[in-house]
Amino acid sequence: MAGGIFSPLGSCSELEKANCHPLVCLLCHEPYQHPCLLDCYHNFCASCLRGRASDGRLRCPLCGHPSVVRGGTGLPPVDRLLQFLVDSSADSEEDVQCANCDRCCTKAELDTMYFCNTCGQPLCAPCREETHRARMFARHEIVSLSKRTKDIHKKCPLHEEPYIMFSTEKKSMLCINCFRDMQGESRAHCIDIETAYMQGCQRLDQAVMAVKELQTSTREAIVLLKAMIEEVRNSASEEEAAINSLFSRMQEQLSERKKTLLKAVQSQHEEKEKAFKEQLAHLASLLPTLQVHLVTCSAFLSSANKAEFLDLGYQLMERLQRIVKLPHRLRPAQTSKGETCLHEYRAEFARCLEPLLMLPPRRSVHFTVASPCRLPGGQCSKTLMVPSCPPTSDKMSTGPMVKKPTMHRYISTKVLLAEGRETPFAEHCRNYENTYRMLQMEIQGLKDQVQELHRDLTKHHSLIKSEIMSEILQKSLQMDVQIAAHYSAVEMMRSVFEEVWEETYQRVANEQEIYEAQLHDLLQLRQENSC
């Protein structure tokens, strides 16, 4: 049945509708047969995964995460915890017959059946009252049928002695001989079975609460991302309608500029929607994993006795803790709003119409060469002065901010690059955008980490992850050096561009605005990093 299914689930809606029963394979939709656990904590039947491995790696059919497989089988290890639950479920569906009166009980009567662990036989309720109440059965251990102890969990397989202790150091049960063979310092970590069971239940409750919090946060993040995707689409539609409405009042001379603007807007919103969809797909594939493990915990607690719990409970706890510690992108990496507005489009159309309508210059361009300014690295550069543009600061961290908005730089750069002219400034803009995007992502990552610490401080009145503080500060110092170096590199290009800017007023006005806005963005990034 597994051989014909080799493609991951197609969309987020399919993930939401997928069967999340913990004992049913998501590929063959049948009860698990030899369930295997992948590195992403998704489970599938061994037969469903056979033949999928390539070069020692196996991609998850659900989320696409690669898992390393070892050995000649090409399969990940069998999930003992899930196999236990599958076996327990199979046992509960078998017909049970009383060992004393040979009476067969129906499935509805299984809750009234008992099991004598001493005799190793099932008992109906009447036989328990009539036969096992005698004095000779006083020491027999009688439990409900669902809590019966299997032979593999009753005695030590090495010494054939019953388990009496539990080692918190090795996370294993011990018989009397195992306890005697232990070294003295290891015996200090041994406790009785009952105490170990109570401690294990408490630790499992804590792990379950952490997974529930992650589940709640994941659902909230999915709802937020869906709303933001819709908002991105609405914002794109509104901006396109505004552009088309404005363009309808223009003449044929504006057709080329209209195509350029629409292309820039479409590219911007496609990038945003693609980023949100990738994050949404990641979170949607995480939610079934959380649901399955929560149901698995519930089923395990209801069906496992103390010995079975101690045998598999710590493995379950470690798995839940590792799931919670995995990196999950729960916050959107960017806003859903567009980076441009209507008046920016008007400015572009006006700039295009200036030669046609013979409008007066929007600003007078007067080039003067000021005295050399001192850069952070100790180098000097001449400053090209324009009356409406304040000169760059002598010091990057103390001078006046360059008042060039980021959104205007973005659309102006898109228009410039869309013209397709191969100039030194166009090549500089391409390189700048790549570097600036990398720096912006790094700063956003630092801001997210600081928000996490602030949330812990607000919620718990203490820093839960105080050790991350030093890492954030160290990374912030590194970012400061990188931003300063990039600022110096951009500043050193000024003399090269001065020669180009003298050619025509139109290109000077456009390129200088972009250039000054680039410096402004770097200063703003550095201010955010300082905060």
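All values below were derived from every heavy atom in this structure, side-chain atoms included, with hydrogens, water molecules and symmetry-related copies excluded.
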J.: For a side chain to side chain contact (heavy atoms under 4.5 Å, CB included) with M317, tell me which candidate from L204, L312, V208 qualifies.
T.: L204

J.: Would you say E442 and K475 make side-chain contact, with heavy atoms under 4.5 Å?
T.: yes

J.: Begin from the C-alpha positions of N43 and L38 and carry the test side chain to side chain contact (heavy atoms under 4.5 Å, CB included) through to its verdict.
T.: CA-CA 6 Å; N43 292 94; L38 301 180; over 6 Å; no

J.: Under the criterion side-chain hydrogen bond (donor to acceptor under 3.5 Å, both in side chains), I'd like the reasoning laid out for Q444 against D448: C-alpha separation, chi angles, the key distance, then a yes or no.
T.: CA-CA 6 Å; Q444 185 63 39; D448 289 343; 3.2 Å; yes

J.: With rounding to the nearest 0.5 Å, note down the distance linking SG in C156 to CD1 in I164.
T.: 10.5 Å

J.: Can you list everything that forms a side chain to side chain donor-acceptor pair (under 3.5 Å) with R57? Sequence neighbours excluded, please.
T.: none

J.: Are any side-chain N or O atoms of N244 and backbone N or O atoms of E240, one a donor and one an acceptor, separated by less than 3.5 Å?
T.: yes

J.: I need the minimum non-hydrogen distance between M479 and L439, along with the two atoms involved.
T.: CE-CD2, 3.7 Å

J.: Contact between L26 and F44 at the side-chain level, heavy atoms closer than 4.5 Å - yes or no?
T.: yes

J.: Please lay out, stage by stage, how I483 and L523 fare under the test side chain to side chain contact (heavy atoms under 4.5 Å, CB included).
T.: CA-CA 8 Å; I483 296 172; L523 290 174; over 6 Å; no

J.: So which heavy atom on P76 is nearest to which on V69, and how close?
T.: N-CG1, 3.8 Å

J.: Under a 4.0 Å N-O cut-off, is there an ion pair linking E273 with K277?
T.: yes

J.: Please work out whether the ring planes of H428 and Y432 are parallel, tilted or perpendicular, with thresholds of 30° and 60°.
T.: tilted

J.: Check for me whether the distance between the ring centres of Y197 and F166 falls short of 6.0 Å.
T.: no

J.: I'd like to know whether H65 forms a side chain to side chain contact (heavy atoms under 4.5 Å, CB included) with R59, so could you lay out the CA-CA distance, the side-chain angles of the two residues, the decisive distance to 0.1 Å, and finally the verdict.
T.: CA-CA 5 Å; H65 182 79; R59 289 195 171 274; over 6 Å; no

J.: Can you name the side chain to side chain donor-acceptor pair (under 3.5 Å) partners of H42, sequence neighbours left out?
T.: T289

J.: Rounded to the nearest 0.5 Å, what separation is found between the NE2 atom of H29 and the SG atom of C25?
T.: 8.0 Å

J.: Give a yes or no on whether a salt bridge exists between R319 and D79, defined as a side-chain N under 4.0 angstrom from a carboxylate O.
T.: yes

J.: Can you list the residues that meet the side-chain contact (heavy atoms from CB on, under 4.5 Å) rule with M165, with sequence neighbours excluded?
T.: L174, F179, C190

J.: When you compare the side chains of N234 and E238, does any donor N or O come within less than 3.5 Å of an acceptor on the partner?
T.: no

J.: Charged N to carboxylate O under 4.0 angstrom, K171 versus E318?
T.: no

J.: What I'd like to find out is whether the side chain of E231 reaches to under 4.5 Å of the side chain of F276, using heavy atoms alone.
T.: no

J.: To the nearest 0.5 Å, what is the distance between CD (Q449) and OG (S476)?
T.: 10.5 Å

J.: Nearest 0.5 Å please: distance from the CZ atom of R526 over to the CG atom of D521.
T.: 15.0 Å

J.: For E185, I'd like to know if atom CD has over 12 heavy atoms of other residues, nucleotides or ligands within 6.0 Å.
T.: yes

J.: Identify the two heavy atoms, one from C45 and one from Y32, that lie closest to each other, and give their separation to 0.1 Å.
T.: SG-CA, 3.7 Å

J.: Taking the side chain as C-beta and beyond, is there a heavy-atom pair between D181 and H159 under 4.5 Å?
T.: yes

J.: Look at the side chain of T195 and the backbone N and O of I191, then say whether any donor-acceptor pair between them is shorter than 3.5 Å.
T.: no

J.: Taking all heavy atoms of Y163 and all of P157, pick out the closest pair and write down the distance.
T.: OH-CD, 3.3 Å

J.: Charged N to carboxylate O under 4.0 angstrom, E427 versus R430?
T.: yes

J.: Among Q266, Q268, K272, K274, which residue satisfies the side chain to side chain donor-acceptor pair (under 3.5 Å) criterion with E270?
T.: Q266

J.: For the OG1 atom of T218 and the CD atom of Q291, what is their distance to the nearest 0.5 Å?
T.: 11.5 Å

J.: Nearest 0.5 Å please: distance from the CZ atom of R437 over to the CD atom of E271.
T.: 6.0 Å

J.: Name all residues meeting the salt bridge (Lys or Arg N to Asp or Glu O under 4.0 Å) criterion together with D39; count only those two or more places apart in sequence or in a different chain, and write none if there are none.
T.: none

J.: Mind running side chain to side chain contact (heavy atoms under 4.5 Å, CB included) on M173 and I193 for me, showing each step along the way?
T.: CA-CA 8 Å; M173 291 181 288; I193 296 292; 4.2 Å; yes

J.: Counting N and O atoms only, with roles assigned by atom type, does the side chain of S186 sit under 3.5 Å from a partner on the main chain of M182, one being a donor and the other an acceptor?
T.: no

J.: Are F309 and F300 close enough, and set up right, to give a ring-ring contact (aromatic ring centres under 6.0 Å, His included), and what steps lead you there?
T.: CA-CA 8 Å; F309 179 90; F300 178 69; 5.7 Å; yes

J.: What closest approach, in Å, do Q279 and L225 show between heavy atoms, and which atom pair accounts for it?
T.: CG-CD1, 3.8 Å

J.: Quick one: closest heavy-atom pair of L320 and C297, and the distance?
T.: CD1-SG, 3.4 Å

J.: Within the side chain of S267, is there an N or O that forms a donor-acceptor pair under 3.5 Å with the backbone of A264?
T.: no

J.: Starting from the C-alpha separation in whole Å, work towards a yes-or-no answer on side-chain hydrogen bond (donor to acceptor under 3.5 Å, both in side chains) for Y41 and R322.
T.: CA-CA 10 Å; Y41 297 99; R322 287 197 298 267; 2.7 Å; yes

J.: My understanding is that only residues two or more places apart in sequence, or in another chain, count here; which of them pass side-chain contact (heavy atoms from CB on, under 4.5 Å) with K259?
T.: E256

J.: Test your reading of the model: is there a side-chain donor-acceptor pair from Q199 to the backbone of A196, 3.5 Å cut-off?
T.: no

J.: Looking at residues at least two apart in the chain, or sitting in another chain, which of them share a side chain to side chain donor-acceptor pair (under 3.5 Å) with T435?
T.: none

